[in-house]
Amino acid sequence: MQFNRNTRKGMSMRKYMNIRSNDNYNQIIMASGSRGEDVENLQKMLVTIAEDYSSIPVVNITSNYDDMTRKAVTELQKIMGAEPTGNVNRALWNRIHILSSKKDVVKSREETSFDESSNVISEGSKGKMVNDLQKYLNMVSEKYPTIPKLLVDGVFGPKTKSAVLEFQKLFNLEQDGIVGQITWETLYNVSIGKKPPAIFD
C-alpha cells in the first residue's frame with residue numbers, strides 16, 4: 001500500500017479523533033459541589049442500584065453532589081473494579097445508566113407477569129429490552145472486541161443476533177442467539193466486572 005500525504009493526513013486525523021473520543025469518555029462531568037438535574041438523576045439511579053449492593057450507602061435525593069453521593073459513587077467504582085475517585089466521568093455515567101435501566105426493566109416485568117419467558121428476546125424482538133441488550137453488548141465489547149458494536153435502535157436484527165452469538169461463545173453459553181435468563185445474568189455480571197460462573201479457565 002502506497003502512502004501519500006493525504007493518506008498520512010487522514011490517518012493522523014483518525015488518530016486525533018480517537019484520542020479526542022477517549023478524552024471525552026474520561027471527562028469528569030460530576031464531582032463534589034456539582035448541582036442540578038443531572039445530579040438528581042444520578043442519585044435516583046444510585047438508590048436503585050443500591051438495592052442490589054448493600055455496601056453502597058443510600059443517598060438522599062438533593063440535587064447536590066454531597067459527601068454521601070461521593071461515597072456511594074466511590075463504592076460503586078470499587079465494585080466495578082474502577083479507580084475509586086468518587087467522580088463521575090462519561091464512561092461511569094453510561095454504566096450507571098445501563099445498570100439502573102436494566103434493573104427497572106426486570107422489575108417492571110416481575111410486576112406485570114410471573115412468566116419468566118417474558119424476559120426472553122430473540123431475532124425479531126423490538127422495544128426497550130432490546131435497546132438495553134444492545135447497550136450492554138456495546139459496553140462489554142469495549143473489553144471483548146470480537147463482539148461487534150451495535151446501533152442502539154431497539155430492533156433485534158441479524159447484527160444483534162451475531163453479537164449475542166459471539167457473547168455466548170466467549171462465555172461458554174448455549175449458542176442459540178436467544179437472550180434468556182442465563183444470558184441476561186451473564187451479560188449483567190460481565191458488564192459490572194464480575195466473573196460469571198459460566199466462564200471456565
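Computed from heavy atoms alone, side chains included, the values below leave out hydrogens, waters and symmetry copies.
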- Task: Go through the side-chain N and O atoms of Asp66 and Thr69 and say whether any donor and acceptor fall under 3.5 Å apart.
- Result: yes
- Message: Can you give me the closest heavy-atom contact between Asn138 and Lys149, atom names plus distance?
- Response: O-NZ, 3.0 Å
- Message: Hydrophobic clusters here meaning ILVMFWY residues chained together by side-chain heavy-atom distances under 4.5 Å, can you tell me if Ile121 and Val155 are in one?
- Response: no
- With rounding to the nearest 0.5 Å, note down the distance linking OG1 in Thr186 to CD in Gln181. 10.0 Å
- Query: Of all heavy-atom pairs between Asp176 and Lys161, which one has the smallest distance, and what is that distance?
  - Reply: O-CE, 4.3 Å
- Query: More than 12 foreign heavy atoms under 6.0 Å from CG of Asp153: is that the case here?
  - Reply: yes
- Note on the structure: To the nearest 0.5 Å, atom CD1 of Ile147 lies from atom OG of Ser162 at 12.0 Å
- Taking ring pair (Phe, Tyr, Trp, His ring centres under 6.0 Å) as the test, write out the residues that go with Phe167, two or more places apart. Phe171
- Note on the structure: Between the CG atom in Asp38 and the OH atom in Tyr65, the distance rounded to the nearest 0.5 Å is 12.0 Å
- For Ser122, side chain to side chain contact (heavy atoms under 4.5 Å, CB included) partners two or more places apart: Ser125, Ile178
- Task: Kindly write out the residues that satisfy side chain to side chain contact (heavy atoms under 4.5 Å, CB included) with Asn131, not counting sequence neighbours, or none if the list is empty.
- Result: Lys135, Val152
- Query: Do Leu133 and Val164 have side-chain heavy atoms sitting under 4.5 Å apart?
  - Reply: yes
- Which residues share a side chain to side chain contact (heavy atoms under 4.5 Å, CB included) with Asn87, sequence neighbours left out: Ile28, Ala31, Arg70, Thr85
- For Met68 against Pro57, the heavy-atom pair lying closest together: SD-CB, 3.6 Å
- If every non-hydrogen atom of Glu40 is compared with every non-hydrogen atom of Ser63, which pair is closest and at what distance? OE1-OG, 3.2 Å
- Note: Val47 and Val59 closest approach over all heavy atoms is CG2-O, 3.6 Å
- Query: For the atom pair CE (Met30) and CD1 (Ile96), what is the distance rounded to the nearest 0.5 Å?
  - Reply: 7.5 Å
- Message: Suppose we screen for side chain to side chain contact (heavy atoms under 4.5 Å, CB included). Which residues come up paired with Gln175, at least two apart in sequence or across chains?
- Response: Leu165, Gln168, Lys169
- Query: Under the 3.5 angstrom rule, does the side chain of Glu174 hit a backbone N or O of Thr183 as a donor-acceptor pair?
  - Reply: no
- Linking I/L/V/M/F/W/Y whenever their side-chain heavy atoms sit closer than 4.5 Å, directly or via other members, would Ile56 and Trp93 fall into one cluster? yes
- Message: If I take atom CE from residue Met139 and atom CG from residue Asn94, how far apart are they, to the nearest 0.5 angstrom?
- Response: 9.0 Å
- Item | side chain to side chain donor-acceptor pair (under 3.5 Å) involving Asn41 - partner list, sequence neighbours excluded | none
- Should we say atom CD of Glu83 is surrounded by more than 12 heavy atoms from elsewhere, each under 6.0 Å from it? no
- So if you build clusters from Ile, Leu, Val, Met, Phe, Trp, Tyr with side-chain heavy-atom gaps below 4.5 Å, do Leu151 and Phe156 land together? no
- Item | Connected via hydrophobic side-chain network under 4.5 Å: Tyr188 and Tyr144 | yes
- Note on the structure: Between the CG atom in Leu92 and the CD atom in Gln77, the distance rounded to the nearest 0.5 Å is 5.0 Å
- Task: Report the C-alpha distance between Trp184 and Val120 in whole Å, list the side-chain angles of each, state the deciding distance to 0.1 Å, and finish with yes or no for side chain to side chain contact (heavy atoms under 4.5 Å, CB included).
- Result: CA-CA 9 Å; Trp184 269 126; Val120 177; over 6 Å; no
- Task: Indicate yes or no for a side-chain donor-acceptor contact from Glu166 to the backbone of Pro148 under 3.5 Å, with no hydrogens or angles considered.
- Result: no
- Item | Shortest non-hydrogen separation from Gly86 to Thr74 and the atoms involved | CA-OG1, 3.2 Å
- Task: For the pair Glu75 and Lys71, evaluate salt bridge (Lys or Arg N to Asp or Glu O under 4.0 Å) and give the outcome as yes or no after the intermediate values.
- Result: CA-CA 6 Å; Glu75 183 59 32; Lys71 288 180 179 178; over 6 Å; no
